[in-house]
2 protein chains.
Amino acid sequence: MKKAAATRLNILQKAFELIYINGYQTTSIDHIIATTQVTKGAFFYHFKNKEEMGLAIINEILKPTLATSFLEPLQKEQDPIVVIYNLMYDLLLKNEFLKAEYGCPVANFTQEMTPWNIDFSKALAELTQEWTKAMIAAIEKGQQNGIVRKDVNAMQVTLFVVSGYWGIRNFGKLENNKTVYLSYLKELKNYLNTLK
Amino acid sequence: MKKAAATRLNILQKAFELIYINGYQTTSIDHIIATTQVTKGAFFYHFKNKEEMGLAIINEILKPTLATSFLEPLQKEQDPIVVIYNLMYDLLLKNEFLKAEYGCPVANFTQEMTPWNIDFSKALAELTQEWTKAMIAAIEKGQQNGIVRKDVNAMQVTLFVVSGYWGIRNFGKLENNKTVYLSYLKELKNYLNTLK
DNA sequence: TAAAAAACATACTAAATGGTATGTTTTATT
DNA sequence: AATAAAACATACCATTTAGTATGTTTTTTA
């Protein structure tokens with residue numbers, strides 16, 4: 001990687017960490033450049049302002065994570081009920097990128113930036129739609145395979161499941177504890193099994 | 001009401017509106033006093049700092065709303081499945097205090113303040129616990145009445161339902177649209193009916 | 001290897017922020 | 001009505017903020 005690209009990525013990664021922990025508004029550029037050991041000149045060479053950096057975090061940090069941790073697992077040729085459950089299990093309990101006490105980065109950004117920042121809203125809505133589309137596809141494939149009932153509304157179920165995920169992440173944040181995830185996962189399993 | 005108390009309440013209500021729309025961090029005291037037509041002297045006479053005002057919003061604005069809109073409906077002597085569904089229906093589609101594009105105030109605060117602000121976290125966790133306790137009680141009563149299956153875990157179901165509520169509110173915010181609520185409610189009904 | 005462009009560094013600025021110091025006015029109490 | 005306390009008003013301040021102006025260094029290209 002070129003050195004400039006490395007500097008840029010370094011800024012984005014450290015900035016993401018800070019924002020994930022403290023929020024976008026609360027994380028100042030001064031704070032970011034202090035922890036990255038990068039000067040203000042370098043920062044504003046790579047990003048024309050704070051907002052552009054925030055959007056770059058979504059596109060260059062969150063989007064790749066989405067692909068590997070949220071989409072790929074759904075594209076396996078398996079029982080979608082097992083696949084969705086395992087996905088949630090991994091995201092909530094195993095994923096090292098995501099921490100219980102800081103919630104879901106996409107949900108955090110959504111809460112902080114929408115509806116007043118249109119660019120953020122659009123970028124976040126796109127990310128979310130990629131995930132929901134993949135989940136809907138997985139469920140519909142399960143219907144074709146006869147694993148999931150034909151009368152199940154895949155879009156409806158996806159909305160229900162993703163909402164639950166966002167919500168339980170908020171719970172984990174509130175209680176600063178992963179144990180709520182265990183109860184949630186049990187009930188998610190119960191629910192998913194009713195789709196058979 | 002005494003005039004001083006009216007001033008205080010006016011600040012809290014206007015501040016809540018601004019914070020509900022723009023977030024706690026982004027809402028400045030200057031902005032609050034500008035829209036309330038109250039001077040800085042008055043503001044800091046009633047609240048020793050911004051944080052105290054924020055906590056007062058939780059205790060004096062959100063808590064009463066919780067009681068009337070979130071708890072009372074659950075305490076009716078009825079089928080808890082109907083009661084919970086109707087509660088969600090009212091909260092998502094009828095409630096005038098809550099707007100789709102701004103999400104759930106408690107979830108918003110949680111996302112923005114936890115885990116780094118302990119006082120906010122505690123106040124918000126208390127609010128949430130009041131709601132979950134009421135919902136658990138409603139479900140357990142339904143089990144005693146034979147409406148809800150005995151093998152249902154009331155706490156687990158409550159966690160699942162509340163998570164879904166928080167999550168769909170985030171969806172509504174993201175899409176800036178109430179139509180997602182309709183799909184969510186349909187699937188919620190399906191889910192709740194499996195508890196019979 | 002010289003020139004040019006890219007990448008970074010330093011010092012600064014205007015605006016906004018939470019908060020204070022010091023008043024004045026209003027209300028309650030004797 | 002006099003006094004004291006409560007309630008509010010105004011002017012100010014130190015700090016933080018995003019962002020800029022103007023450099024210097026490093027890398028690429030001809």
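Each chain gets a letter, A, B and so on, in the order its sequence line appears, and its residues count up from 1. Scope of the values below: all heavy atoms of this structure, side chains included, with no hydrogens, waters or symmetry mates.
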Closest non-hydrogen atom pair between A:Ile61 and A:Gln13, with its separation: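 Distance-wise, the nearest heavy atoms are CD1-CG, 3.8 Å.
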
Could you give the side-chain donor-acceptor pairs of residues 164-173 of chain B under 3.5 Å, partners two or more places apart or in another chain?
{"residue": "B:Tyr165", "atom": "OH", "partner": "B:Arg169", "partner atom": "NE", "Å": "2.9"}
{"residue": "B:Arg169", "atom": "NH1", "partner": "B:Tyr181", "partner atom": "OH", "Å": "3.1"}
{"residue": "B:Arg169", "atom": "NH2", "partner": "B:Leu91", "partner atom": "O", "Å": "2.7"}
{"residue": "B:Lys173", "atom": "NZ", "partner": "A:Gln111", "partner atom": "O", "Å": "2.5"}
{"residue": "B:Lys173", "atom": "NZ", "partner": "A:Gln111", "partner atom": "OE1", "Å": "2.5"}

Not counting sequence neighbours, which residues clear ring-ring contact (aromatic ring centres under 6.0 Å, His included) with [X]? List them please.
X        : value
B:Phe120 : B:Tyr24, B:Phe109
A:Phe97  : A:Phe16
B:Tyr85  : none
A:Phe44  : none

Does B:Asn86 have any side-chain contact (heavy atoms from CB on, under 4.5 Å) partners at least two apart in sequence or in another chain, and if so, which?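 B:Asn86 satisfies side-chain contact (heavy atoms from CB on, under 4.5 Å) with B:Val82 once adjacent residues are dropped.
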
How would you list, by chain and number, every residue that makes a side-chain contact (heavy atoms from CB on, under 4.5 Å) with B:Pro80, sequence neighbours excluded?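 Counting only residues at least two positions away or on another chain, B:Pro80 forms a side-chain contact (heavy atoms from CB on, under 4.5 Å) with B:Ala138, B:Ile147, B:Val148.
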
From CZ of B:Phe47 over to P of C:dT17, roughly how many Å is that when rounded to an integer?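 It works out to 19 Å between those atoms.
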
Under the rule of Watson-Crick or G-U wobble with both distances under 3.5 Å, where | means paired to another strand and [ ] a crossing pair, DNA chain C maps to ||||||||||||||||||||||||||||||

Provide a list of protein-nucleic acid N or O atom pairs under 3.5 angstrom, restricted to nucleotides 23-30 of chain D.
none

Any salt bridge (Lys or Arg N to Asp or Glu O under 4.0 Å) pairs touching residues 26-35 of chain A, not counting sequence neighbours?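 Qualifying pairs, neighbours excluded: A:Asp30-A:Lys40.
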
When you measure from the side-chain N and O atoms of B:Thr7 to the phosphate of D:dC8, is any distance below 4.0 Å, counting only OP1 and OP2?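 For D:dC8, OP1/OP2 do have a side-chain N/O of B:Thr7 under 4.0 Å.
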
Under the side-chain hydrogen bond (donor to acceptor under 3.5 Å, both in side chains) test, residues paired with B:Asn190 that sit two or more places apart: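 Partners of B:Asn190 under the side-chain hydrogen bond (donor to acceptor under 3.5 Å, both in side chains) test: B:Glu187.
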
Which parts of residues 24-41 of chain A get close to DNA chain C, meaning a heavy atom less than 4.0 angstrom away?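 The answer is A:Thr39, A:Lys40, A:Gly41.
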
Kindly point out which of D:dA6, C:dG18, C:dA7 is positioned nearest to the side chain of B:Tyr45?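 For the B:Tyr45 side chain, the nearest candidate turns out to be D:dA6.
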
